[in-house]
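The structure appears right after this line, and notes come after that.
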Amino acid sequence: MSDANGPEPADRPKVERMDLDPDRVETEVTNDVVSVRRSPRYGSFLLLGTALGVLVALVLTFAFPQNEEFDRSQVFGFLLLWCAAGGLLLGGVVALVLDRVLARRRGTAVAEHESTHYPDEDTA
């Protein structure tokens with residue numbers, strides 16, 4: 001069985017419910033200051049740029065009169081190669097510029113870590 005963290009090791013028993021004695025349990029809380037900033041999703045920008053390139057290739061194919069030497073599908077295929085690559089490049093550049101602009105508006109936040117455990121007991 002696997003979860004969000006990957007497959008479960010075979011030597012670790014599966015715990016369905018953990019009963020804790022609230023009188024014996026200690027909880028430690030630590031705080032860390034972390035930097036928070038927004039970042040664009042590069043895949044979305046690349047996909048949008050490529051789709052824009054395909055649309056430009058389609059418009060350019062039908063914007064000019066048909067060539068006697070090549071049919072429209074050949075013209076579209078050739079334009080598609082260049083326009084899709086150009087759109088991909090343009091989408092990546094826009095994402096990088098947006099990432100740099102958003103990096104300036106960085107903020108800080110406090111992250112709280114909570115750890116619950118049994119205290120060390122001396123058996124001596």
**Request:** May I ask whether V54 and L58 are part of the same hydrophobic cluster, defined by side-chain heavy atoms of I, L, V, M, F, W, Y residues being less than 4.5 angstrom apart, directly or through others?
**Result:** yes
**Asked** Which atom pair, heavy atoms only, marks the closest approach of R72 to F62?
**Response** CD-CE2, 3.3 Å
**Asked** Could you give the distance from CG (L88) to CG (L46), rounded to the nearest 0.5 Å?
**Response** 5.0 Å
**Asked** What distance separates L55 CG from L80 CG, expressed to the nearest 0.5 Å?
**Response** 11.5 Å
**Asked** For Y42, does the OH atom have more than 12 heavy-atom neighbours from other residues, nucleotides or ligands under 6.0 Å away?
**Response** yes
**Prompt:** Rounded to the nearest 0.5 Å, what separation is found between the CG atom of L52 and the CZ atom of F45?
**Reply:** 12.5 Å
**Message:** Would you say L60 ends up clustered with F70 if hydrophobic residues are merged whenever their side chains have heavy atoms under 4.5 Å apart, either directly or through other cluster members?
**Reply:** yes
**Message:** Nearest 0.5 angstrom please: R104 CZ to D99 CG, how far?
**Reply:** 11.5 Å
**Prompt:** Within the side chain of R37, is there an N or O that forms a donor-acceptor pair under 3.5 Å with the backbone of L102?
**Reply:** no
**Request:** Locate the shortest heavy-atom distance separating G53 from C83; write the atom from each residue and the value.
**Result:** O-CB, 3.1 Å
**Request:** Find out if a path of hydrophobic residues (ILVMFWY) with successive side-chain heavy-atom gaps under 4.5 Å connects F64 to F76.
**Result:** no
**Request:** Please round to the nearest 0.5 Å and tell me the distance separating atom CG of N67 and atom OG1 of T61.
**Result:** 12.0 Å
